[in-house]
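The sequence lines fix the lettering, A, B, ..., with proteins before strands; numbering per chain opens at 1.
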There are 2 protein chains.
Amino acid sequence: MARIKVDEHSSRKDIIVSKAASLFREKGYKATSMRELADAVGVEAASLYNHIHSKTEILHVICFNVANRFMSHMESIELENVSAIVKVEKLLRFHIKEMLHQYEEVYVSDREWKHLTDPYLSNFQNQRRTYRKRFAAIIEKGIAAGEIKSIDAPTAVLIMLHAVSGIESWHRSTAKISGKELEENMVTIMVDGLRK
Amino acid sequence: MARIKVDEHSSRKDIIVSKAASLFREKGYKATSMRELADAVGVEAASLYNHIHSKTEILHVICFNVANRFMSHMESIELENVSAIVKVEKLLRFHIKEMLHQYEEVYVSDREWKHLTDPYLSNFQNQRRTYRKRFAAIIEKGIAAGEIKSIDAPTAVLIMLHAVSGIESWHRSTAKISGKELEENMVTIMVDGLRK
DNA sequence: CTTTTCCGCTAACGACCGTTAGTTTTATAT
DNA sequence: ATATAAAACTAACGGTCGTTAGCGGAAAAG
């Protein structure tokens, strides 16, 4: 009867969620069974339910952790007193860093949110939509200020967000450039692509 | 006993595959059951097996249809006698158009290939890797020729391919710009981002 | 040391999954 | 009109799924 090991910064639930994120990333939410998750945690499937209510709950913890991080970062950026193009660059860099260092959770939130169930699903979709609108609004300001090319702002947002999710391929590739280099390359291509 | 309707250009199998692509795109491969697919086709689940061998077969038909289209397009681009940056732009435009007009299949091939089983899985991964290498090689030539900024070519490929897959959001959004406008915006941002 | 709380276990449930066997109906060819 | 082939049906298989009930041992609190 080997208990789930805990340190003082993470509860047993945290550990389950974290292992789940790793499996969901690797195989997808639907293709990951509670029995597999239990194996990864080192426990029987039924024991998981002492710490979580359902499989869905795990997914929604992951998704909202990520969404909240991005949302509160957006708020802090909006308050900064810098030009629009600098804000865009900062947002982009934040996305890249999150994808580099909180890979599993961010990736799962991005790809598996469809399997959330209401009311969490609608809630998540709303947050997502709101986030993108606020991102686009910053780009619009940059266009109005003549810093950014006159392009369709929602399209620019879409390009940046999805390009970042491609870091998944980088993680899985063997001959990697460093994370820092990756960041600089991405920023160079995309921010230059926007700049007037 | 209502038969699957066929016209002279598509077999019953084609129709099943096409409906499957639509469902796989909407809900994911694992989350789509053969009974749901049968419903969509207007038939009982067991009847599907008069036309296909397995659920996996449907996925691999979708994935290889798409992969082969991209691969043979790559071949024709490589033979053209134009500058590297023009080749890159043409490849990008092809990806955008495919994503606009063969949305369901291309999206499924992109997101659900993980659920292929060997030998198809390895085969698909190889094709994918090869395709990206050849794409990167074109960019490298552009860098050597001084047409393209000196950036990491695999990263540039990754950005473009993933940015294109963001067209999914465009499809689902309500207030759309036209497909043509979307294409021009994407090309503007990304090709300008690469150009020296 | 005793009590209580936490957390693991085994066993099993009903639901759904992909798929097969065998039969009947519909369309096609003679 | 009849024979053949194509494609639908019903029924059911073994397996896996998420989850619950109930029980026993280990850790924490007194």
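The distance between atom CD1 of A:Ile16 and atom P of C:dC7, rounded to the nearest whole Å, is 10 Å. Whole-Å rounding puts the B:Glu36 CD to C:dG18 P distance at 8 Å. Spacing between atom NE2 of B:His115 and atom P of C:dC17 amounts to 15 Å, rounded to whole angstrom units. The separation between B:Ile52 atom CD1 and D:dA6 atom C1' is 16 Å, rounded to whole Å.
Neither OP1 nor OP2 of C:dC16 sits under 4.0 Å from any side-chain N or O of B:Arg35. A close approach under 4.0 Å does not occur between any side-chain nitrogen or oxygen of A:Ser33 and OP1 or OP2 of D:dT16. For A:His51 and C:dG8, the shortest distance from a side-chain N or O to OP1 or OP2 is below 4.0 Å. Regarding contacts with the backbone of D:dA7, every side-chain N or O of B:Ser47 stays at 4.0 angstrom or more from both OP1 and OP2.
Nucleic acid contact class of B:Thr32 (heavy atoms, under 4.0 Å, all strands): sugar-phosphate only.
Both B:Ala46 and B:Arg3 lie close to DNA chain D; mapped to their nearest nucleotides by heavy-atom distance, the more 5′-ward contact belongs to B:Arg3. The 5' end of DNA chain C is approached more closely, in terms of each residue's nearest nucleotide, by A:Leu48 than by the other of A:Leu48 and B:Met34.
No hydrogens or angles were tested; on distance alone, a donor-acceptor pair under 3.5 Å links the side chain of B:Asn50 to the base of D:dA8.
Across C:dT19, D:dT19, D:dA8, the shortest atom-to-atom separation from the side chain of B:Ser54 is found for C:dT19. Proximity note for B:Glu44 (side chain, C-beta onward) versus D:dT20, D:dC9, C:dG18: the nearest is D:dC9.
In summary, B:Glu80 and B:Lys90 engage in a salt bridge, as defined by a charged side-chain N under 4.0 Å from a carboxylate O.
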Q: Would you check, one step at a time, whether the test side chain to side chain contact (heavy atoms under 4.5 Å, CB included) holds for B:Ile58 with B:Phe24?
A: CA-CA 10 Å; B:Ile58 300 178; B:Phe24 292 172; 4.0 Å; yes

